[in-house]
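Lettering follows sequence order; numbering is per chain, from 1.
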Amino acid sequence: MRLTRTLLSGPVLEVAQGLLGCLIETDEVAVRLTEVEGYAGLGLDPASHAHRGPTPRTRVMFGPAGHAYVYFSYGMHWCLNVVTGPEGQAAAVLLRAGEVVRGLELARHRRPAARSDVDLARGPARLCAALGIDATSSGVDLIDSTSPLRLAASAPPRAGLVSSGPRVGVTEAADRPWRFWLDGEPSVSRYRASVRRAPE
DNA sequence: CCATTGATCGTCT
DNA sequence: GACGATCAATGGT
């Protein structure tokens, strides 16, 4: 897909699928995206961080498409979204997994726990670790060629190679099949159905 | 392969 | 004060 701001401002589920196969890259490391999840915005998606309206954390989601929304997860990890959809709607696409296609040595150094190269960016926090992403990346314009973190288009995936299913780890709206991945890619994270904690 | 568990802290109620 | 858009280590099948 062509990565113009206009295109990224389109419907979040279309944008999500279009991002498969694209690159997310720094000057040192590039990752080819194999798995993403769509999150609709304000009032549309109880699983979205933005669904109750803007807060200091989610402010960037309410801005223009094409910017990075980075959040801190479970007290330890960073995860990266691309803001999509019309401005003010706060839709976003979580980048869940990919294949490191440049900067393997540095990615391995940043991911010492990875047992093989396909594990380097298999999972949203692993992808961020491989790229060296932290809070300083939040708000970055991903389609500005001078940014330290950028999206780059690539050849669209062959028809029929995209699958979809429920999102990972969410307890609200768990039935919506808004996770998309490229069939047969070893870097796609293993699916885990979300589990709501049992009442006492 | 699968299931379970501990780590660890920002965010929002 | 409870809860995560997670991961790695561990132990069983």
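- In this structure, A/Leu104 and A/Leu120 have side chains that are in contact, with non-hydrogen atoms separated by less than 4.5 Å.
- Grouping the Ile, Leu, Val, Met, Phe, Trp and Tyr side chains by contacts below 4.5 angstrom, directly or via other members, places A/Val100 apart from A/Val118.
- Of the side-chain N and O atoms in A/Arg122, none sit less than 4.0 angstrom from OP1 or OP2 of C/dC7.
- A cation-pi arrangement is present between A/Arg167 and A/Tyr39, with the terminal nitrogen or guanidinium carbon under 6.0 Å from the aromatic centre and inside a 45° cone about the axis.
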Handout entry: Canonical and wobble pairing (Watson-Crick, G-U, under 3.5 Å) of DNA chain B, dot-bracket with |
Key = |||||||.||||.
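- Rounded to a whole Å, the OH atom of A/Tyr39 is 12 Å from the P atom of C/dG4.
- Between the C1' atom of C/dA5 and the CZ atom of A/Arg179 lies a distance of 12 Å, rounded to the nearest Å.
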Fill in the blank from the handout: Scoring nucleotides 6-13 of chain B by protein non-hydrogen atoms under 4.0 Å (B base, S sugar-phosphate only, - none) yields -BBBSSSS
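- In this structure, CZ of A/Arg167 is placed 12 Å from P of C/dT6, rounded to the nearest angstrom.
- Comment: A/Arg150 engages A/Asp27 in a salt bridge, judged by a side-chain N to carboxylate O separation of less than 4.0 angstrom.
- Note on A/Arg96: a side-chain N or O is less than 4.0 Å away from OP1 or OP2 of C/dT6.
- Spacing between atom CG of A/Leu120 and atom P of C/dA8 amounts to 11 Å, rounded to whole angstrom units.
- Note: CG (A/Asp119) to P (C/dT6) measures 16 Å, nearest angstrom.
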Problem - A/Asp134 vs A/Val70, side-chain contact (heavy atoms from CB on, under 4.5 Å): CA-CA, chis, key distance, verdict - result: CA-CA 7 Å; A/Asp134 61 19; A/Val70 177; over 6 Å; no
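- Taking atom CH2 of residue A/Trp78 and atom C1' of nucleotide C/dC7, one finds them 16 Å apart after rounding to whole Å.
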Exercise for the section: With side-chain contact (heavy atoms from CB on, under 4.5 Å) as the test, would you mind laying out the steps for A/Arg110 and A/Val29 before giving the verdict? Expected result: CA-CA 11 Å; A/Arg110 288 169 167 167; A/Val29 174; 3.8 Å; yes
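- Rounded to whole angstrom, the span from the CG atom of A/Leu80 across to the P atom of C/dT6 amounts to 14 Å.
- Although no hydrogens or angles enter the test, the distance criterion places no donor-acceptor pair under 3.5 Å between the side chain of A/Arg59 and the main chain of A/Pro54.
- Taking the six-membered ring for Trp, A/Trp78 and A/Tyr71 have ring centres at least 6.0 Å apart.
- Here A/Arg115 lies out of heavy-atom contact (under 4.0 Å) with every strand.
- Among the heavy atoms of the strands lying under 4.0 Å from A/Ala113 are primed sugar atoms or P, OP1, OP2 only; no base atom is included.
- At most 12 heavy atoms of other shown residues, nucleotides or ligands fall within 6.0 angstrom of atom CZ in A/Arg52.
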